[in-house]
2 protein chains.
Amino acid sequence: MSSTVAKALSLLDYFSEAEPEIGLSELARRSGVDKATVHRMLGVMCDYGLLEKRGDARLYRLGAGVLRLARVRETAFPVTSIFQQVLEMLSAELGETAHASLISGHALATIGVSESNRGSRVSLLAGEILPMHSTASGLVVMAFSKPELVDRLLGEPLAAKTSRTITDPSILRARLQEVALTGYAESDQTNEDDVYGIAMPVFDSDGAVTGAIAVATPAHRMTNDLRQQVIAALFREAEKLNYSLGGRPPAAFRTAASRYRPD
Amino acid sequence: MSSTVAKALSLLDYFSEAEPEIGLSELARRSGVDKATVHRMLGVMCDYGLLEKRGDARLYRLGAGVLRLARVRETAFPVTSIFQQVLEMLSAELGETAHASLISGHALATIGVSESNRGSRVSLLAGEILPMHSTASGLVVMAFSKPELVDRLLGEPLAAKTSRTITDPSILRARLQEVALTGYAESDQTNEDDVYGIAMPVFDSDGAVTGAIAVATPAHRMTNDLRQQVIAALFREAEKLNYSLGGRPPAAFRTAASRYRPD
DNA sequence: TCCCGTTGGTTCATTATTATCACCAGTGGT
DNA sequence: ACCACTGGTGATAATAATGAACCAACGGGA
């Protein structure tokens with residue numbers, strides 16, 4: 001963790017939809033890195049287009065380089081566009097917010113959101129980073145990941161995002177067992193108060209999890225009827241998604257899916 | 001240039017549409033960096049989601065993190081979507097390939113392409129990096145950039161992309177003077193054989209250049225009639241673009257635009 | 001007006017990180 | 001069996017990163 005490139009790259013994560021432009025001192029304060037060091041790193045990242053300085057203001061923001069890199073990846077492996085279609089289908093059918101995320105390092109990166117048009121709905125920030133241990137998407141991803149990844153993730157301390165967040169690794173492991181059996185994960189306000197999430201895994205052609213699609217509702221609105229409806233829709237769309245992306249769900253997930261009966 | 005983060009970030013630029021997945025040894029060979037070093041850097045960049053390993057194959061590719069970062073930037077400052085509309089307008093009207101690029105470090109990053117539907121047309125790779133000195137877009141960007149940026153760019157050796165590429169800094173400076181007067185730049189096979197490009201600058205709210213839109217045709221097809229048509233269309237679309245993006249063209253460009261008469 | 005707390009940015013001696021080499025194990029082709 | 005690759009790993013030498021102190025500039029507030 002004390003690698004310099006790691007420190008430099010970690011600076012990128014402070015830029016968000018809510019705060020797309022940050023100054024030098026502010027960034028140094030938050031990251032805990034010295035101002036001079038941050039300055040040098042920002043300079044290099046500007047040179048490579050990952051960041052850029054707004055002309056007059058002395059603020060930094062994400063640069064054109066990230067747009068370019070995303071284009072390169074998306075052209076070679078078009079996933080966001082395919083995910084987006086599925087999300088819009090889901091949110092239209094269920095009237096709730098749907099979102100998709102991919103494994104990115106040791107967390108999840110939100111790469112697509114489709115909000116419902118209801119007055120009361122769950123909102124997500126575009127490009128938000130979701131923790132593995134406190135979200136439905138994270139649980140379902142861990143449940144189908146290789147044990148060594150889970151070990152690494154549960155080795156670090158688990159932040160209590162709400163009062164209901166599971167922070168005990170052994171309890172969490174038990175949850176993962178259940179999730180692996182059912183094929184989907186639920187989160188009742190474990191990441192954010194008043195948000196209930198249900199997530200389904202998405203796989204690549206090697207049978208490895210790559211991410212998840214999920215539906216989030218205000219917690220009070222989640223009845224058992226809606227739950228069943230959401231789960232059925234997610235199973236259906238996840239299968240379509242795996243087909244479109246060439247994903248091969250592992251046996252564990254296929255049997256879970258076939259075992260599923262609305263109760 | 002000998003900074004480690006610079007070396008690490010430079011590795012990203014080896015991933016392209018044409019070659020989206022690269023192995024460790026290959027990357028070490030091209031970058032000229034030691035295999036062990038590359039390995040450590042790739043590991044860190046994987047940790048931060050900029051890269052990822054394809055499950056079975058031991059190849060690296062751009063990760064979900066770049067998708068996320070691009071989303072964050074695009075949500076905060078939606079430019080690619082606006083550019084894309086303009087590009088489609090241009091390619092439809094002119095029947096030639098149109099593309100847009102933004103300043104990214106000391107080069108240009110292609111962030112949008114709209115190819116014509118003709119049989120013979122110019123093709124660009126998505127997310128391609130365009131040199132400043134050999135492309136019409138680069139010339140027009142430099143022509144309206146601050147002198148210190150131009151000095152930095154012309155201080156480094158200029159690669160001869162074709163036999164017609166201008167590699168002499170002083171000759172190039174003279175060209176930039178002309179370009180600043182006319183408001184647009186032309187490139188007759190200076191970046192790629194048989195490609196003729198015409199580019200127009202795009203500005204931000206501070207009057208600084210941020211990028212360019214351009215039309216590229218097969219060189220033999222560029223008649224004076226077509227030239228005039230392209231230039232007129234680019235002036236028109238550039239103005240619309242500056243309006244949509246809140247860009248304020250500097251006086252130098254506005255007078256150039258008003259001075260323009262088809263000859 | 002002065003003062004004070006900011007800001008972005010720079011410098012340089014110290015030190016901790018990083019590069020390099022050699023090595024290992026696995027794989028695919030001949 | 002061999003060879004030429006591949007991805008990956010460790011220990012030491014050398015380099016590059018660090019962080020405190022220091023500027024200049026800006027914006028209030030009194």
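Throughout, protein chains are lettered first and strands after them, A, B, ... in sequence-line order, and every chain is numbered starting at 1.
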So, OP1 or OP2 of C:dT18: does either fall under 4.0 Å of a side-chain N or O from A:T4?
yes

In whole Å, I'd like the distance from the CG atom of A:L11 to the P atom of D:dT18.
10 Å

Does a side-chain N or O from B:K7 land closer than 4.0 Å to OP1 or OP2 of D:dA16, or not?
no

Between A:K161 and A:N191 the two heavy atoms that sit nearest each other are NZ-OD1, 3.2 Å

Side-chain N or O of A:T37 closer than 4.0 Å to phosphate OP1/OP2 of D:dA17:
no

Nucleotide D:dG7, atom C1' - distance to CD of B:E21 in whole Å
16 Å

More than 12 non-hydrogen atoms from neighbouring residues, nucleotides or ligands closer than 6.0 Å to CD on B:E239, yes or no?
no

Atom-pair distance (NE2 on B:H39; P on D:dT9), nearest Å:
5 Å

Taking CD from B:E26 and P from D:dA4, how many angstroms apart are they, rounded to a whole number?
19 Å

If you only use heavy atoms from C-beta on, which nucleotide in D:dC5, D:dG19, C:dT17 is closest to the side chain of A:A36?
D:dG19

Atom CZ of B:R40 and atom C1' of C:dT20: how far apart are they, to the nearest Å?
11 Å

Between C1' on C:dT7 and CD1 on A:I22, what's the gap in Å once rounded to a whole number?
15 Å

Side-chain donor-acceptor pair under 3.5 Å between B:T80 and B:E74, yes or no?
yes

Parallel, tilted or perpendicular: which describes the rings of B:F253 and B:F203, with under 30° parallel and over 60° perpendicular?
tilted

Let me know which of A:E52, A:E21, A:E17 forms a salt bridge (charged side-chain N to carboxylate O under 4.0 Å, His left out) with B:R73.
A:E52

Quick one: on DNA chain C, does A:D34 or B:K35 contact a more 5' nucleotide (nearest heavy atom)?
A:D34

Between A:S25 and C:dT6, does any side-chain N or O lie under 4.0 Å from OP1 or OP2?
no

Return no unless some side-chain N or O of B:Y60 is found under 4.0 Å from OP1 or OP2 of D:dG8.
yes

Would you mind reading off the distance between A:R58 atom CZ and D:dC26 atom P, rounded to a whole angstrom?
8 Å

Rounded to the nearest angstrom, tell me the gap between atom CE in A:M41 and atom P in C:dG9.
16 Å

